[in-house]
Amino acid sequence: MKRGGFLTGSESDAGSPRRYLGRRLVQLYVGLLLYGASSALMVRAGLGLDPWDIFHQGVSGLTGLSMGTVTIATGAVVLLLWWPLRERPGLGTVSNVVLIGLAMDATLWLTPVPHALAVRVPLLVGGVLLNGVATGMYISARFGPGPRDGLMTGLHAVTGRSVRLVRTGIEIAVLITGVLLGGSAGVGTVLYALAIGPLAQFFLRFFAVPGGQRDGRRDEGSRTPSEQAL
C-alpha cells in the first residue's frame with residue numbers, strides 16, 4: 001500500500017483507462033449521496049442502525065447537532081487518525097467525509113417520520129438494500145477509501161491483524177459506545193450486519209469499472225482491503 005501524501009483518482013486506480021474517469025466520478029458521487037440517503041431511511045425506520053450510525057445518533061442526541069453534522073465531524077476526526085497510521089487519502093476519502101452527512105441531513109429533512117410498522121419495515125429493508133448498492137458504487141470507483149475504512153486498513157497494516165478482525169473490533173467498540181450514548185440498536189442492526197456483506201460484494205462486481213479486471217474477473221491482488229473485508 002502506498003503511503004504519505006495525497007492520492008489522486010488516476011493514481012488510486014492506475015489500471016483503469018482514462019476514458020472511464022467520467023464513469024468513475026459519477027459512481028463515486030452518486031454512491032456517496034445514496035449512502036447518506038440510505039442511512040437516513042434506516043434512521044426514519046426506527047428499528048436499529050448500523051454500528052457507526054448508532055454512534056452518530058448517540059452523539060447527536062447528546063449534543064443537539066444533526067446526525068449529518070455529527071457524521072461529518074466524526075469522519076474528519078477519524079481522518080486525523082490516519083496521520084500516525086501513514087494512510088494515504090484520495091478524492092473519495094475527502095468527498096466521503098462531506099457528502100454522506102449532507103445527503104443524510106437532506107433526506108431526513110425530506111422524509112416524514114413514519115409511525116406504522118407496515119411503513120417502517122419496508123423503509124428499513126429499502127435502506128439496507130440501498131446501502132449495499134451505494135457501497136458497491138463508491139468503492140468500485142476506486143478513488144480512495146472512506147475515513148472509517150482507512151482507519152481499518154491502517155490498523156491492519158500496523159498491527160498485522162486480519163482486516164476482518166480489525167473491522168469487527170472497531171465496529172463492536174463503536175456499537176457499544178453508541179448504545180451507551182443513547183443510539184438505537186435493534187433488528188435493523190442485525191439485518192444490516194447479516195446483509196451488508198453479501199449485498200456489497202454483489203454490487204462491487206456489478207459496478208466494477210473495466211480496466212481493474214482481467215479476463216472479466218477482478219484480479220485478486222488488485223482488490224482493496226475494504227473489498228476484501230466484505
Side-chain angles (χ1 to χ4, degrees), residues 1-9 11-13 24 27-36 38-39 49-56 71-101 103-104 128 131-175 178 192-193 195-205 207-209 212 218 222-230:
M1 180 181 295
K2 295 181 179 180
R3 297 173 185 276
F6 190 87
L7 186 64
T8 66
E11 292 172 326
S12 68
D13 190 13
R24 292 169 58 215
Q27 280 193 201
L28 171 66
Y29 288 112
V30 172
L32 291 175
L33 292 174
L34 290 180
Y35 194 101
S38 70
S39 297
L49 305 172
D50 67 272
W52 278 103
D53 279 339
I54 292 173
F55 175 79
H56 299 149
T71 300
I72 292 171
T74 301
V77 171
V78 171
L79 189 55
L80 290 176
L81 297 178
W82 283 31
W83 184 263
L85 297 174
R86 300 181 64 194
E87 284 296 289
R88 193 176 184 183
L91 174 65
T93 310
V94 179
S95 300
N96 184 300
V97 171
V98 178
L99 289 185
I100 289 179
M104 180 186 291
V128 173
N131 193 277
V133 173
T135 299
M137 288 187 77
Y138 88 78
I139 291 180
S140 292
R142 303 177 74 80
F143 277 105
R148 296 156 186 81
D149 290 332
L151 176 64
M152 171 188 70
T153 56
L155 288 174
H156 156 68
V158 169
T159 65
R161 303 292 183 180
S162 72
V163 172
R164 291 182 185 274
L165 180 61
V166 172
R167 174 175 175 162
T168 299
I170 291 173
E171 295 202 352
I172 288 175
V174 169
L175 171 64
Y192 185 89
I196 192 58
L199 284 172
Q201 191 66 53
F202 173 81
F203 287 110
L204 278 167
R205 294 184 181 126
F207 291 112
V209 177
R218 175 70 60 81
S222 71
R223 294 175 72 224
T224 66
S226 299
E227 293 172 300
Q228 295 173 35
L230 294 171

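Numbering starts at 1 and runs along the sequence shown.
- The shortest distance between side-chain heavy atoms of Pro51 and Phe55 does not fall below 4.5 Å.
- The main-chain N or O of Trp52 is found under 3.5 Å from a side-chain atom of His56 such that the two form a donor-acceptor pair.
- Residue Ser95 comes nearest to Leu28 through the heavy atom pair OG-CD2, 4.4 Å, listed as atom of the first residue, atom of the second, then distance.
- The CH2 atom of Trp82 sits 11.5 Å away from atom CZ of Arg88, with the distance rounded to the nearest 0.5 Å.
- Nearest heavy-atom pair across Asn96 and Pro147 is OD1-CD, 3.4 Å.
- Considering only residues two or more places apart in sequence or on other chains, Leu165 meets the side chain to side chain contact (heavy atoms under 4.5 Å, CB included) condition with Arg161, Ser162.
- In this structure, Met152 CE and Arg164 CZ are separated by 10.0 Å, a value rounded to the nearest 0.5 Å.
- In this structure Asp50 satisfies the side-chain hydrogen bond (donor to acceptor under 3.5 Å, both in side chains) test with no other residue, sequence neighbours excluded.
- Annotation: side-chain hydrogen bond (donor to acceptor under 3.5 Å, both in side chains) contacts of Ser38 (sequence neighbours excluded): Asn131.
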Run the side chain to side chain contact (heavy atoms under 4.5 Å, CB included) test on Arg142 and Val209 for me, step by step, so that the C-alpha distance in whole Å, both residues' side-chain angles and the decisive distance to 0.1 Å come before the verdict.
CA-CA 9 Å; Arg142 303 177 74 80; Val209 177; 6.0 Å; no
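- Closest heavy-atom contact between Ala141 and Gln27: N-NE2, 3.9 Å.
- Residues meeting the side-chain hydrogen bond (donor to acceptor under 3.5 Å, both in side chains) test with Thr74, sequence neighbours left out: none.
- Across Ile72 and Val97, no two heavy atoms sit closer than the pair CG1-O, 3.3 Å.
- In this structure Val77 satisfies the side chain to side chain contact (heavy atoms under 4.5 Å, CB included) test with no other residue, sequence neighbours excluded.
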Audit row: Asp53, Tyr192, side chain to side chain contact (heavy atoms under 4.5 Å, CB included) steps and yes/no
CA-CA 11 Å; Asp53 279 339; Tyr192 185 89; over 6 Å; no
Let's go through Val94 and Phe143 carefully: what are the C-alpha distance in whole Å and the side-chain angles of both, what is the deciding distance for side chain to side chain contact (heavy atoms under 4.5 Å, CB included) to 0.1 Å, and is it a yes or a no?
CA-CA 10 Å; Val94 179; Phe143 277 105; over 6 Å; no
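- Of all heavy-atom pairs spanning Arg148 and Gly75, the tightest one is NH2-N, 3.5 Å.
- Looking at every heavy atom in both residues, Ala103 comes nearest to Gly36 through CB-CA, 4.0 Å.
- For the side chain to side chain contact (heavy atoms under 4.5 Å, CB included) test with Met137, the passing option among Leu32, Leu34, Leu204 is Leu34; the others fail.
- Taking 4.5 Å as the limit, some side-chain heavy atom of Tyr29 sits within range of a side-chain heavy atom of Leu91.
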Checking Ile139 against Phe203 for the side chain to side chain contact (heavy atoms under 4.5 Å, CB included) test, could you report, in this order, the C-alpha distance in whole Å, the side-chain angles of both residues, the deciding distance, and whether it holds?
CA-CA 10 Å; Ile139 291 180; Phe203 287 110; over 6 Å; no
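- Scanning for side chain to side chain contact (heavy atoms under 4.5 Å, CB included) contacts around Leu155 gives Leu85, Leu151, Val166, Ile170, with sequence neighbours left out.
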